[in-house]
Amino acid sequence: AMKDFMLIFKGPDYGQLGLSAEETQAQMGKWFAWVEKLQSSGQYVDGHALHPHGKSVTAVGSVTDGPFAEAKELVGGYFIVKAKDIDEAVSLADDFPDYHLDSKVEVREVVVFDA
């Protein structure tokens, strides 16, 4: 049976890296190709980029405004993918387009609680 895994993308955003419009467009093309590959294998479930600005909540009433540029591991987005086990899920991250931009992918199994 296939399980759901979350691929969590961590690293600097393209603005922080100073990528040109052309470089950013080239990277986006690689992302679209990767999504298409996962869709064609039936393993892509969902995914979204995350806006770099946000708020960090640590306790009731304790809210810090982003962007969290000081964090080297900004979470830039995520995919939900289907795989038979974590090793297969990790292998799906082989085509992650941003490795060369000092980014990485965290792979975590989605826990499903039976109602």
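Position 1 is the first residue of the sequence; numbering continues from there.
Taking all atoms of both residues into account, the shortest heavy-atom contact from Gly11 to Ser103 is CA-OG, 3.6 Å. Of all the heavy atoms in Asp13 and Gln16, the pair that sits closest is OD1-N, 2.7 Å. Contact record, Ala83 with Ala89: CB-N, 3.6 Å, taken as the closest heavy-atom pair.
In this structure, NZ on Lys82 lies 3.5 Å from CG on Asp4, to the nearest 0.5 angstrom.
Remark: the backbone N or O of Lys84 is paired with a side-chain donor or acceptor of Glu88 at under 3.5 angstrom. Distance alone, capped at 3.5 Å, is enough to place a donor-acceptor pair between the Thr24 side chain and the Ser20 backbone.
Between Lys104 and Glu106, none of the side-chain N atoms (NZ, or NE/NH1/NH2) sits under 4.0 Å from a carboxylate O, so this pair counts as no salt bridge. Taking 4.0 Å as the cut-off between side-chain N and carboxylate O, Lys3 and Asp85 do not count as a salt-bridged pair.
Cluster partners of Val57, by chain and number: Val63. The rule joins Ile, Leu, Val, Met, Phe, Trp and Tyr whenever side-chain heavy atoms lie under 4.5 Å apart. Here Phe5 is tied into one hydrophobic group with Leu7, Phe9, Tyr14, Leu17, Leu19, Met28, Trp31, Phe32, Trp34, Val35, Leu38, Tyr44, Phe79, Val81, Ile86, Val90, Leu92, Phe96, Tyr99, Leu101, Val105, Val107, each link being a pair of ILVMFWY side chains closer than 4.5 Å.
By the side-chain contact (heavy atoms from CB on, under 4.5 Å) test, Glu36 is found to be paired with Gln39, residues two or more places apart in sequence or in another chain being considered.
Under the 4.5 Å side-chain criterion, counting only non-hydrogen atoms from C-beta, Lys37 is not in contact with Gln43.
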